[in-house]
Undergrad: 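For reference, the structure I am asking about is given below.
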Amino acid sequence: MPLSDGVGEVVAIGAEVSRFKIGDRVCGTFWQRWVGGSFAMAEPSYQRGGPIDGLLSEFARLDEQAAVLAPANLSDPEAATLPCAGVTAWHALFTEGSVKPGDTVLCLGTGGVSLFAVQFAAAAGARVIVTSSSDEKLARARQLGAQDGVNYRSVPDWASAVLGLTDGRGADHIIEVGGPQSFAQSLRAAARGAQINVIGYLGGSDGAINPLDIFRRQVRARGIPVGSRESFEAMNRAIVVNRLRPVIDRVVPWSRAAEAFRYLEHGSPFGKVVLDHTQ
């Protein structure tokens, strides 16, 4: 959701607030009423950035149950990137996926969720493979911890390339952001018993999937609707312990929000675009 992310300083609290104090630096959660547990606990009408207002504002009122302390090792622009893309990657790989050292994680593209997934999976000792249409972005992904990259423009059959890199075994976890057009290849690139985390549909919503391919490999496919506050807090602990830093493409003054949106639409960012209210 646009502008669902943000970080700020607590300037006032209600009389019964116990989780935070004035001066704390906090991030709001995407799902305002999903504290923990299964997705059944989330309430669709309480999503930050729609239908609830986003955080492009000087002040915002948050329920204490819908905020977390920002990681102390991150700057404000870095902490502001976490609530949506960061939590989505963490929830997929760890809350739901239980990634283990030695697992192979395939990240499609170099968008915000995929870049967080690269960093988190590498920190956990997994082998990371990334796809991109840009060799330059693949090189930058390797700097973040990816071990291998496949350029899907020069190698359209990237599933076969992934199988080749894994000696025919395939990937144990797949961050699937392309939609039906890429899902068929994700299935071919999957190891037996793999987990495919369906996060986006950048390639459109049209396409056909053969359910037999899911059956043959005993693949588990799940939708990842960002994640709970519990996932957010677990992720923040990992960020501090591993000294991880979110990837930021550029920081833009908040008054130039329209320019930032145009860049997202027509540019080719590597990392998050952040609006800074201090500029």
Side-chain angles (χ1 to χ4, degrees), residues 71 73 81-82 84-132 137-152 155 158-178 182-183 185-200 217-224 226-228 230-247 270-271:
N73 65 312
T81 69
L82 299 175
C84 190
V87 175
T88 299
W90 181 272
H91 195 79
L93 293 178
F94 297 96
T95 307
E96 296 285 356
S98 301
V99 167
K100 304 182 299 298
D103 283 355
T104 296
V105 177
L106 172 62
C107 300
L108 302 192
T110 55
V113 175
S114 291
L115 290 182
F116 274 114
V118 169
Q119 293 178 281
F120 294 156
R127 177 188 184 181
V128 183
I129 302 173
V130 178
T131 68
S132 175
K137 289 184 176 181
L138 290 175
R140 295 179 69 180
R142 287 189 178 94
Q143 294 175 351
L144 294 174
Q147 290 184 280
D148 297 287
V150 179
N151 188 317
Y152 61 78
V155 185
W158 49 264
S160 294
V162 171
L163 290 172
L165 288 168
T166 57
D167 296 323
R169 184 176 180 276
D172 302 292
H173 306 264
I174 299 176
I175 300 297
E176 167 57 65
V177 299
S182 63
F183 194 92
Q185 287 215 59
S186 289
L187 279 173
R188 289 201 296 112
R192 291 185 179 183
Q195 303 177 52
I196 300 179
N197 299 285
V198 180
I199 292 164
R217 289 177 172 78
Q218 293 295 290
V219 165
R220 284 172 284 173
R222 67 169 73 89
I224 299 294
V226 190
S228 65
E230 184 179 37
S231 284
F232 202 157
E233 291 170 331
M235 176 192 74
N236 285 351
R237 292 192 293 272
I239 286 173
V240 173
V241 168
N242 293 282
R243 299 182 178 87
L244 299 178
R245 310 298 291 264
V247 181
F270 186 89

Undergrad: Starting at CZ of Arg140, measure out to CZ of Arg142 and round the result to the nearest 0.5 Å.
TA: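 The CZ atom of Arg142 is 14.0 Å from CZ of Arg140, to the nearest 0.5 Å.
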Undergrad: Is there side-chain contact between Ser228 and Thr95, with heavy atoms separated by less than 4.5 Å?
TA: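 Not touching, per the 4.5 Å side-chain cut-off.
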Undergrad: Would you mind reporting whether Thr131 and Val155 have side-chain heavy atoms less than 4.5 Å apart?
TA: no
Undergrad: Apply salt bridge (Lys or Arg N to Asp or Glu O under 4.0 Å) to Glu230 and list each qualifying residue two or more places apart in sequence or on a separate chain.
TA: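 Listed in chain order: nothing, the list is empty.
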Undergrad: Could you report the tightest heavy-atom contact between Gly149 and Leu138, atom names first, then the distance?
TA: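 Minimum heavy-atom separation between Gly149 and Leu138: CA-CD2, 3.9 Å.
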Undergrad: Compare every heavy atom of Val130 with every heavy atom of Ala141, then report the nearest pair and how far apart it is.
TA: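 Ala141 and Val130 have their closest heavy atoms at CB-CG2, 4.1 Å.
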Undergrad: Would a distance-only check, ignoring hydrogens and angles, find a side-chain to backbone donor-acceptor pair under 3.5 Å from Arg127 to Gln147?
TA: no
Undergrad: Out of curiosity, Leu93 CG to Asp172 CG, how far, rounded to the nearest 0.5 Å?
TA: 11.5 Å
Undergrad: Can you list everything that forms a side-chain contact (heavy atoms from CB on, under 4.5 Å) with Gln218? Sequence neighbours excluded, please.
TA: Phe215
Undergrad: Hey, does the side chain of Gln119 reach the backbone of Arg245 with a donor-acceptor pair shorter than 3.5 angstrom?
TA: yes
Undergrad: Which side-chain N or O atoms in residues 159-168 pair as donor and acceptor under 3.5 Å with protein atoms at least two apart or in another chain?
TA:
residue: Ser160; atom: OG; partner: Asp157; partner atom: OD1; Å: 3.3
residue: Ser160; atom: OG; partner: Asp157; partner atom: OD2; Å: 2.6
residue: Thr166; atom: OG1; partner: Val162; partner atom: O; Å: 2.9
residue: Thr166; atom: OG1; partner: Leu163; partner atom: O; Å: 3.3
residue: Thr166; atom: OG1; partner: Gly170; partner atom: N; Å: 2.8

Undergrad: If I compare all heavy atoms of Ser132 with all of Lys137, which pair ends up nearest, and what's the gap?
TA: OG-CB, 3.7 Å
Undergrad: Test of understanding: with side-chain contact (heavy atoms from CB on, under 4.5 Å), list the residues that count as partners of Arg243, not counting sequence neighbours.
TA: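 Partners of Arg243 under the side-chain contact (heavy atoms from CB on, under 4.5 Å) test: none.
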Undergrad: How close do Ala92 and Ile175 get, counting heavy atoms only, and between which atoms?
TA: CB-CD1, 4.2 Å
Undergrad: What are the two closest non-hydrogen atoms of Ala221 and Phe183, and how far apart are they?
TA: CB-CZ, 4.0 Å
Undergrad: Using a 3.5 Å cut-off and no angle test, enumerate the donor-acceptor pairs between side-chain atoms of residues 98-118 and protein atoms at least two apart in sequence or in another chain.
TA:
residue: Asp103; atom: OD2; partner: Lys100; partner atom: N; Å: 3.0
residue: Asp103; atom: OD2; partner: His173; partner atom: NE2; Å: 3.0
residue: Ser114; atom: OG; partner: Leu108; partner atom: O; Å: 2.7

Undergrad: If you apply the rule ring-ring contact (aromatic ring centres under 6.0 Å, His included), what do you find for Trp90 with Phe120, and how did you get there?
TA: CA-CA 7 Å; Trp90 181 272; Phe120 294 156; 5.5 Å; yes
Undergrad: Enumerate, atom names and distances included, each donor-acceptor pair closer than 3.5 Å involving a side-chain atom of residues 190-198, sequence neighbours excluded.
TA:
residue: Gln195; atom: OE1; partner: Arg222; partner atom: NH1; Å: 2.9
residue: Gln195; atom: OE1; partner: Arg222; partner atom: NH2; Å: 2.7
residue: Gln195; atom: NE2; partner: Gly97; partner atom: O; Å: 3.1
residue: Asn197; atom: OD1; partner: Arg222; partner atom: NH1; Å: 2.9
residue: Asn197; atom: ND2; partner: Ile174; partner atom: O; Å: 3.4

Undergrad: Which heavy atom of Val247 sits nearest a heavy atom of Phe270, and at what distance?
TA: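 For Val247 and Phe270, the tightest heavy-atom pair comes out as CG1-O, 3.6 Å.
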